[in-house]
There are 2 protein chains.
Amino acid sequence: MVTLSEENYLKAIYHLGKQGSVAVSTNAIAEQMETKASSVTDMIKKLADKNLANYIKYQGVSLTKEGRLAAASVVRKHRLWEVLLVEKLNFSWDEVHEVAEQLEHIKSEKLINELDAFLNYPEEDPHGDPIPDKDGNIKKVEKILLSQVSENQSCICVGVKDSSTDFLKYLDKHHISLGTSIKIISKEKFDESMTIDVNNTLINISKTVSNNIYVKKAS
Amino acid sequence: MVTLSEENYLKAIYHLGKQGSVAVSTNAIAEQMETKASSVTDMIKKLADKNLANYIKYQGVSLTKEGRLAAASVVRKHRLWEVLLVEKLNFSWDEVHEVAEQLEHIKSEKLINELDAFLNYPEEDPHGDPIPDKDGNIKKVEKILLSQVSENQSCICVGVKDSSTDFLKYLDKHHISLGTSIKIISKEKFDESMTIDVNNTLINISKTVSNNIYVKKAS
DNA sequence: ATATATTTTTAGTCTTGTCTAAAAATATAT
DNA sequence: ATATATTTTTAGACAAGACTAAAAATATAT
């Protein structure tokens, strides 16, 4: 049995391990989970004992195949629940995270499969993040940061990097959501801000913002 | 903050307190929760400290107004989730309990209200048990045990007393579910079994069975 | 290469919720 | 009414998960 706390650690390691494919450091996990490094060390040992993680003292952790599947399963549940919340229960995309953090730990194979079917097998959550399938596989989506797009190009918002409430509310205020068409009008060399056209309204966004919006080329 | 474990104790006291309106005994709670009496004593003290229960040593417990509301809220969530599982996610009535036991602890006011609306404000769960409203009020339903109905009378199944998987599967096998019409053909003095007509099929049921089916007079 | 800084681990403590075994209170039976 | 049985509580222990403070290992800087 994987405990709730173990699932949270697995998820953190899973997310941190995605980018660099090396071992994840104790401190990185502690920061991500807002806990202390010593607590992380304790838990890592438990995960290693259960064959969910590979651990060498002072060298960081990585997930075993089994651990990766367990982590992906939690992420799958989290994202499917988010879809339910937004599509059926009138949650906005900035309200779902906290509740999904709880729902992701519900243990029922049937529940999650039925939920998947009920939602019509969605491939992405409300923030544009891919939903792992039962085997933990995720569909890699073609996406680039809005900050990478050149002047005069048009693109479509397909996700966000930062899913914090503040950022999502900012996007709501400027009517940017998944599927929104964005045209880059001009870029400012000085502070790397850019002016973009959203629904025929021109707005100026900072580099921080453009660095946290994923887009794909307009088709 | 009411913890998960506290919620489970509140629920147990709530259910046990429904019938006799006196204080609930430590042992009764221990049996209901499949735990030890000493654990119950420990927890009761915590509930009393939090003003959720009234407790006098050796005299049993009852819930305070606050405790009763907290307990009713857990029951409300449990039963609403059961409705979702059966009506939207293809669960049968014998499969819902275990999952609802987990889901009932999810903390989100908005979630439960939206769920209520999404399900069209149901008044009963899949076993015919009433769903408390936000203030903890439940609609008393007119219902009697099938064992109380006389020969030649007709009635309609409106609930079950025993919600165990085994019993529910038994009912499924004999095509008895909520809303099913039942006519009492004859009663056996000897063992108090009865022969009933369900969808034009005659079946014989034991006193144990007729004592666990709630019905209302056919209208 | 050695000193300093940072990261990670260990050792020991705390809280929550559980348990066993024994003691105390209450209930029951003759 | 007293002895016996049952119920309830207390006392002390344990596991999970987290924390602090100190020690050990690794990384960095001169």
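The analysis underlying the following values was restricted to heavy atoms, covering all of them including side chains, and did not include hydrogens, waters or symmetry mates. Throughout, protein chains are lettered first and strands after them, A, B, ... in sequence-line order, and every chain is numbered starting at 1.
- Side-chain proximity of A:Lys46 to the nucleotides D:dT26, C:dT26, D:dA16 is greatest for D:dA16.
- Which of D:dT9, D:dA18, C:dT18 sits closest to the side chain of A:Ser5 comes down to D:dA18.
- When distances run from any side-chain atom of B:Tyr58 to the nucleotides D:dC19, C:dC19, C:dT26, the shortest one goes to C:dT26.
- In this pair, A:Trp81 and B:Trp81 present their aromatic rings perpendicular. The plane angle is above 60°, beyond the 30 to 60° band.
- At whole-Å resolution of the value, CD1 in A:Ile44 and P in D:dA18 are 12 Å apart.
- In this structure, B:Leu10 atom CG and C:dG17 atom P are separated by 12 Å, rounded to whole Å.
- The interatomic distance linking B:Met33 (CE) with C:dG17 (C1') rounds to 11 Å, in whole Å.
- The CG-C1' distance, from B:Asp42 to D:dA13, rounds to 12 Å in whole Å.
- Residue B:Ser25 places its side chain closer to D:dT8 than to any other of D:dC19, C:dT10, D:dT8.
- The interatomic distance linking A:Tyr9 (OH) with D:dG17 (C1') rounds to 8 Å, in whole Å.
- Not one side-chain nitrogen or oxygen of A:Ser39 sits closer than 4.0 Å to the OP1 or OP2 atom of D:dG17.
- Where A:Met43 and A:Lys57 each meet DNA chain D at their nearest nucleotide, the meeting point lying more 5' is that of A:Met43.
- Mapping B:Thr41 and A:Glu34 onto DNA chain D by nearest heavy atom places B:Thr41 closer to the 5' end of the strand.
- Closest approach to the B:Ser38 side chain among D:dT20, C:dC19, C:dT9 is made by C:dC19 (side chain taken as heavy atoms from C-beta onward).
- In this structure, A:Lys45 reaches the C:dT10 phosphate: one of its side-chain N or O atoms is under 4.0 Å from OP1 or OP2.
- Look at CG on B:Leu4: it is 16 Å from C1' on C:dT15, rounded to the nearest Å.
- When the P atom of C:dG17 is taken as reference, atom CD1 of B:Ile29 falls 16 Å away, rounded to whole Å.
- Atom CD1 of A:Ile56 and atom P of C:dT9 are 11 Å apart (whole Å).
- Checking B:Asn51 against B:Glu66 by side-chain atom types alone, no donor-acceptor pair falls below 3.5 Å.
- Considering only side-chain N and O atoms, A:Asn27 lies nowhere under 4.0 angstrom from the phosphate OP1 or OP2 of C:dT6.
- D:dA23 is paired with C:dT8 under the Watson-Crick or G-U wobble criterion, all donor-acceptor distances under 3.5 Å.
- Inspection of the B:Asp125 and B:His78 side chains reveals no N or O donor paired with an N or O acceptor under 3.5 Å.
- Judged by distance alone, with hydrogens and angles left aside, the side-chain atoms of A:Glu151 form a donor-acceptor pair with the main-chain N or O of A:Lys187 at under 3.5 Å.
- Cation-pi check for B:Lys143 over B:Tyr214 is met; the charged atom lies under 6.0 angstrom from the ring centroid and within 45 degrees of its normal.
- Pairing for C:dA29 goes to D:dT2, judged as Watson-Crick or G-U wobble with the two contacts each under 3.5 Å.
- Side chain of A:Thr26 to main chain of A:Ala37: no donor-acceptor pair is present (N/O by atom type, distance under 3.5 Å, no hydrogens or angles).
- Pairing of C:dT13, defined by two Watson-Crick or G-U wobble distances under 3.5 Å, is identified with D:dA18.
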